[in-house]
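Notes follow the structure.
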4 protein chains.
Amino acid sequence: MKTCEGVIPIVATPFNDDESLDLKSLANLIRFYAKLGVEGVTILGVLGEASRLTDAEREMVIDAAVQTAQGRLPVIVGVSHPGTEATIEHCRVAERLGAAAAMVAPSPQPVPRDQVVFDYYQRVAAKTNLPLVVQDHPASTQVHMSVELLLRLAKEIPAIICIKAEAVPSPSKIAALKQGLAAGRPVTILTGLGALYGLFDLECGSDGFNTGFAFPEVLQAILGAHKEGKGDVARELFTRHLPLIVFEQQPGVAIRKEILRLRGLIASNRVRHPGAPIDPATAGQLKRLLDATFPSTDLTKPLNLGL
Amino acid sequence: MKTCEGVIPIVATPFNDDESLDLKSLANLIRFYAKLGVEGVTILGVLGEASRLTDAEREMVIDAAVQTAQGRLPVIVGVSHPGTEATIEHCRVAERLGAAAAMVAPSPQPVPRDQVVFDYYQRVAAKTNLPLVVQDHPASTQVHMSVELLLRLAKEIPAIICIKAEAVPSPSKIAALKQGLAAGRPVTILTGLGALYGLFDLECGSDGFNTGFAFPEVLQAILGAHKEGKGDVARELFTRHLPLIVFEQQPGVAIRKEILRLRGLIASNRVRHPGAPIDPATAGQLKRLLDATFPSTDLTKPLNLGL
Amino acid sequence: MKTCEGVIPIVATPFNDDESLDLKSLANLIRFYAKLGVEGVTILGVLGEASRLTDAEREMVIDAAVQTAQGRLPVIVGVSHPGTEATIEHCRVAERLGAAAAMVAPSPQPVPRDQVVFDYYQRVAAKTNLPLVVQDHPASTQVHMSVELLLRLAKEIPAIICIKAEAVPSPSKIAALKQGLAAGRPVTILTGLGALYGLFDLECGSDGFNTGFAFPEVLQAILGAHKEGKGDVARELFTRHLPLIVFEQQPGVAIRKEILRLRGLIASNRVRHPGAPIDPATAGQLKRLLDATFPSTDLTKPLNLGL
Amino acid sequence: MKTCEGVIPIVATPFNDDESLDLKSLANLIRFYAKLGVEGVTILGVLGEASRLTDAEREMVIDAAVQTAQGRLPVIVGVSHPGTEATIEHCRVAERLGAAAAMVAPSPQPVPRDQVVFDYYQRVAAKTNLPLVVQDHPASTQVHMSVELLLRLAKEIPAIICIKAEAVPSPSKIAALKQGLAAGRPVTILTGLGALYGLFDLECGSDGFNTGFAFPEVLQAILGAHKEGKGDVARELFTRHLPLIVFEQQPGVAIRKEILRLRGLIASNRVRHPGAPIDPATAGQLKRLLDATFPSTDLTKPLNLGL
């Protein structure tokens with residue numbers, strides 16, 4: 001994988017109702033994303049409930065995803081682990097199984113130090129051939145990476161090809177990163193956080209989306225309009241779907257898995273314990289929101305956004 | 001103040017460029033809200049940068065707000081303090097100066113205990129004649145109040161008239177609170193969090209808005225449509241303004257203060273250190289967003305939302 | 001394992017200088033503890049840097065420890081994992097490899113709820129035959145378990161045989177737990193936190209030590225004196241070694257590993273990245289402290305505390 | 001105040017049983033410390049429950065302390081406040097009332113940035129004539145100040161005369177600070193954290209104690225022996241009193257206030273809500289510990305440590 005841009009969905013890890021892996025649904029998801037023409041997929045991120053899997057399950061997920069995506073889509077694999085050696089081992093496994101890149105986030109230390117974060121990335125980069133995506137998501141990592149640190153990482157570690165910019169306020173941070181990156185080798189920036197700040201991030205230089213919003217078609221349309229210079233169309237698309245984006249990015253992955261189920265992509269909306277499943281009231285509210293957002297629409301088919 | 005519902009804006013505390021209090025702008029704000037016909041105002045909340053004021057400045061703000069609001073609007077005063085006795089003293093000051101109610105949030109303890117939170121509210125209630133609004137905002141307080149605890153507070157402390165529900169996911173928590181409150185005396189629920197989940201909170205039973213979104217006219221229109229049973233209109237209004245709601249609720253109060261300045265309501269957008277002022281890039285992005293949201297509109301006048 | 005009391009050291013995971021597992025040193029450690037006559041050992045706790053190991057490495061550690069301990073010592077295995085199913089799988093592996101019990105700590109949730117913690121333990125207990133040790137260590141888990149919750153766990157989940165009480169202030173919490181446990185089936189309480197509050201915990205009812213302090217002989221002597229009613233001797237032993245206890249429990253595991261190296265029990269004091277190794281100044285200070293605490297003593301031999 | 005070294009106790013704020021200020025007991029405390037010959041006192045720190053006082057109460061405490069200390073002891077005043085302007089105002093009040101120096105800690109920001117912390121200190125220093133003590137206590141501030149940042153503060157802000165080093169591990173951080181400070185103007189380092197690492201901090205270069213341990217005589221004796229080069233005596237004194245130091249530094253201020261009460265220095269051991277008072281079991285355990293540490297000793301008199 002040479003470059004990381006466009007729409008690269010974060011893939012949920014589907015479970016059966018007994019919480020065992022449902023690799024068939026995973027393959028469905030990947031095939032659906034391939035059909036949409038996205039630029040890649042990322043597995044084993046937060047939405048992928050990676051922190052709730054054993055290493056053996058991780059391998060099964062990587063293998064199934066790569067096998068399904070073969071020749072159609074590059075697969076980026078989340079490999080973050082509190083131990084640097086274990087992150088490296090996760091990278092090796094991902095590489096062996098055919099991953100196109102690895103997504104790496106730092107873990108919190110009792111006394112935060114920029115140099116320790118830098119060493120972490122440098123050690124990982126030294127032991128893998130995979131390109132790296134730096135995930136900057138303090139809400140899940142409790143690690144605050146300054147613009148200076150991120151620019152140093154981008155400058156000094158050639159394996160890094162992308163920053164997934166998920167630190168609020170994301171638009172102004174992306175603007176600062178873009179400015180700092182301008183003179184160096186190409187490192188892209190992707191928008192996460194469920195696309196909550198999607199339009200604003202694009203305006204500030206984001207190169208695309210790397211998030212789990214369950215309608216990647218919408219993100220493709222927004223990005224397409226933005227790249228064609230049709231700012232009004234991008235804004236209109238963003239606005240129209242923003243209630244759904246807001247509703248979906250509520251904490252947890254239950255709402256998103258319910259949408260994927262309603263879209264016919266996964267068999268069960270099960271979330272692994274201690275994560276909570278969707279409650280009936282929220283499911284009902286979601287249903288009404290989907291009906292209002294996509295009236296008379298078969299959600300199991302790729303959306304036709306009328307562009 | 002007998003009941004707490006409708007649209008009750010959280011009021012910013014305006015500063016001059018040297019960070020001193022600008023009470024003239026504060027009066028402007030209050031008068032503007034009165035002209036809009038809101039049901040009240042809340043001063044000295046998070047948006048009011050209450051934590052950055054001395055006690056003497058708090059008094060000046062309360063006095064100026066109550067004097068301006070006199071006979072037009074009830075003034076709710078944020079009184080939270082890490083010490084229970086000091087919270088009580090803040091209540092006394094607010095009461096003496098003519099406040100209509102007090103907003104109270106708990107503070108974090110080394111070992112969290114529900115009973116300590118309960119005692120906090122009970123002690124405050126025992127020493128003041130003011131009705132109380134319970135602020136449930138873990139993002140700023142680091143205190144997680146369960147539905148059970150909130151219902152116990154509502155049931156056993158008659159001074160409590162309202163819960164400001166700002167714990168995500170807010171819609172499902174509001175639904176649970178509403179159900180639990182149904183059998184008891186009337187305690188209302190108000191939506192905060194910059195109205196990010198405004199439509200969804202209303203659907204779940206919220207009685208109105210108690211937030212700092214800088215266009216209360218929009219919240220009035222949404223609430224009005226909702227109460228008249230015009231769900232589609234409410235949704236349309238929410239959707240149309242949601243990009244602005246999302247942009248505005250980014251961390252910090254700088255964006256909101258800039259909007260208030262652009263609306264001609266405050267003289268300076270200054271935020272008190274260590275809070276950061278708005279940066280030029282963000283100000284530019286905001287300006288474009290406002291132009292797109294309200295084309296050819298004089299923002300210094302109350303909005304005409306064409307209803 | 002029917003009961004959990006006495007001195008049960010937490011075992012470090014030794015690494016070679018390249019950070020690979022050093023199972024030979026692990027066997028040394030286990031043999032040494034067996035020679036001391038401790039009541040068991042706990043592997044894969046915080047001192048064991050369990051969070052920095054892959055699952056495959058965990059298995060190697062468990063296997064090596066159980067093989068070495070065979071017939072001499074029960075081995076308790078830390079199995080905590082952010083996912084409940086994965087914790088269960090860790091339990092299964094431990095059970096298959098011959099563990100005597102499993103130590104389980106909860107993981108933090110976005111919205112803390114006692115019932116989720118209870119369900120976690122209940123699910124684990126339902127799927128394993130191993131007795132369970134509940135680790136109550138908010139400093140590492142960010143989960144605050146109230147006395148009420150711990151008593152409910154002890155009462156309703158028969159698999160639980162022990163609470164490792166590491167929530168400050170530990171003496172008063174242990175006293176409250178002991179009182180609550182008195183009427184029920186036997187559940188023991190063990191002292192952790194590097195034995196910092198060792199004497200005080202014993203006075204409040206602790207049944208022994210489950211901590212990584214690198215001189216278990218000292219803890220054995222303190223506990224022995226305490227159980228024989230020789231409070232003065234226990235106090236004198238605690239006092240004499242307290243500077244070392246205090247020094248050793250500084251954050252991180254580097255100091256402890258250096259002591260184990262000086263005792264000839266592990267070949268390298270290496271800590272896995274991002275954990276920091278001991279710096280030369282601290283190593284020098286430790287050396288002087290050891291000389292002062294144990295003058296003219298061969299630390300590679302079990303201590304003779306002159307009792 | 002030109003220099004900050006020796007033993008400078010942190011002073012508790014005594015309350016009556018109804019939680020009102022007990023200024024008479026405060027004066028008792030100050031007089032007792034003066035009689036001991038300490039180098040100064042610090043009021044309105046964490047032990048002083050400063051965060052639970054109104055501004056008016058702060059003034060009363062400062063005034064009473066300075067009046068009592070007049071001509072005998074310099075009084076350092078804790079002035080930290082989440083708002084920089086309010087910290088400055090606290091400084092002004094302290095200066096006006098006769099304080100000798102101000103102790104200043106930073107407050108946490110949503111996105112931590114060293115420059116904001118630096119600006120905070122620089123702004124405060126620019127507006128006050130008081131010398132400043134930088135309090136580095138992440139456990140209460142949630143702000144991690146690196147050695148680099150602290151050295152920059154010491155170098156660029158001449159008002160800073162002392163760093164209160166309370167970030168664990170404190171010995172190695174003090175060693176690094178001392179080395180960095182060596183070439184510049186004199187800035188002292190004082191030990192806090194209840195003296196838990198007292199001996200180790202002194203070995204690394206600490207210039208004295210600035211903590212609330214209720215027997216400053218012990219700290220004076222340890223420091224005296226250390227400065228005379230009698231390391232063995234210092235170690236013996238530290239060791240003998242370490243159980244009490246450990247017991248006393250448990251979270252909260254209740255134990256310390258009970259000791260001050262037992263010493264006849266304050267009338268009530270009351271802690272302000274939501275702080276918890278000492279429970280009877282802990283009070284009993286403390287009593288036994290004091291009896292064992294100081295057999296047949298009248299604690300209301302300055303200790304005679306037999307040196």
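Excluded from the calculations below are hydrogen atoms, water molecules and symmetry mates; all remaining heavy atoms, backbone and side chain alike, are included. Every chain is numbered from 1 and lettered A, B, ... according to where its sequence line falls, protein lines coming before strand lines.
- Residues B/Lys155 and B/Leu151 form no side-chain contact, since every pair of their non-hydrogen atoms from C-beta on lies 4.5 Å or further apart.
- When side chains are defined from C-beta on, B/Val134 does not count as touching B/Val187, because their heavy atoms never get closer than 4.5 Å.
- Taking 4.5 Å as the heavy-atom cut-off, the residues of residues 203-216 of chain B that approach chain A are B/Glu203, B/Cys204, ordered by number.
- Under the side-chain contact (heavy atoms from CB on, under 4.5 Å) test applied with A/Lys164, the options A/Thr188, A/Ile8, A/Thr42, A/Ile10 reduce to a single match, A/Ile10.
- Here the closest heavy-atom approach between residue A/Ser172 and residue B/Asp279 is recorded as CB-OD1, 4.3 Å.
- The only member of A/His144, A/Arg152, A/Met145 that meets side-chain contact (heavy atoms from CB on, under 4.5 Å) when paired with A/Val117 is A/Met145.
- Looking at every heavy atom in both residues, B/Ala12 comes nearest to B/Leu260 through CB-CD1, 3.7 Å.
- Top candidate by heavy-atom pairs under 4.5 Å with chain B, chosen from A/Leu199, A/Thr239, A/Val168, is A/Thr239.
- Contact annotation: the side chain of A/Arg52 approaches that of A/Val271 to within less than 4.5 Å [non-hydrogen atoms, C-beta and beyond].
- Between chain A and the residues B/Ala281, B/Pro243, B/Ala176, B/Pro169, the most heavy-atom pairs under 4.5 angstrom are made by B/Pro243.
- Salt bridge status for B/Asp136 with B/Lys173: present, with a side-chain N to carboxylate O gap under 4.0 Å.
- For B/Gln285 (side chain) and A/Phe200 (main-chain N/O), a donor-acceptor pair under 3.5 Å exists by modelled atom type.
- The greatest number of non-hydrogen atom pairs below 4.5 Å with chain B, out of A/Leu242, A/Leu196, A/Leu289, A/Asp232, is found for A/Leu242.
- Of residues 244-257 of chain A, those residues lying under 4.5 Å from chain B by any heavy-atom pair are A/Val246, A/Phe247, A/Gln249, A/Gln250, A/Pro251.
- At a 4.5 Å heavy-atom cutoff, the contact between B/Thr282 and chain A is made by side-chain atoms alone.
- Looking at A/His241, its side chain does come within 3.5 Å of a backbone N or O of A/Leu237 through a donor-acceptor pair.
- Side-chain contact between A/Val7 and A/Glu217 is absent, with no heavy-atom pair separated by less than 4.5 Å.
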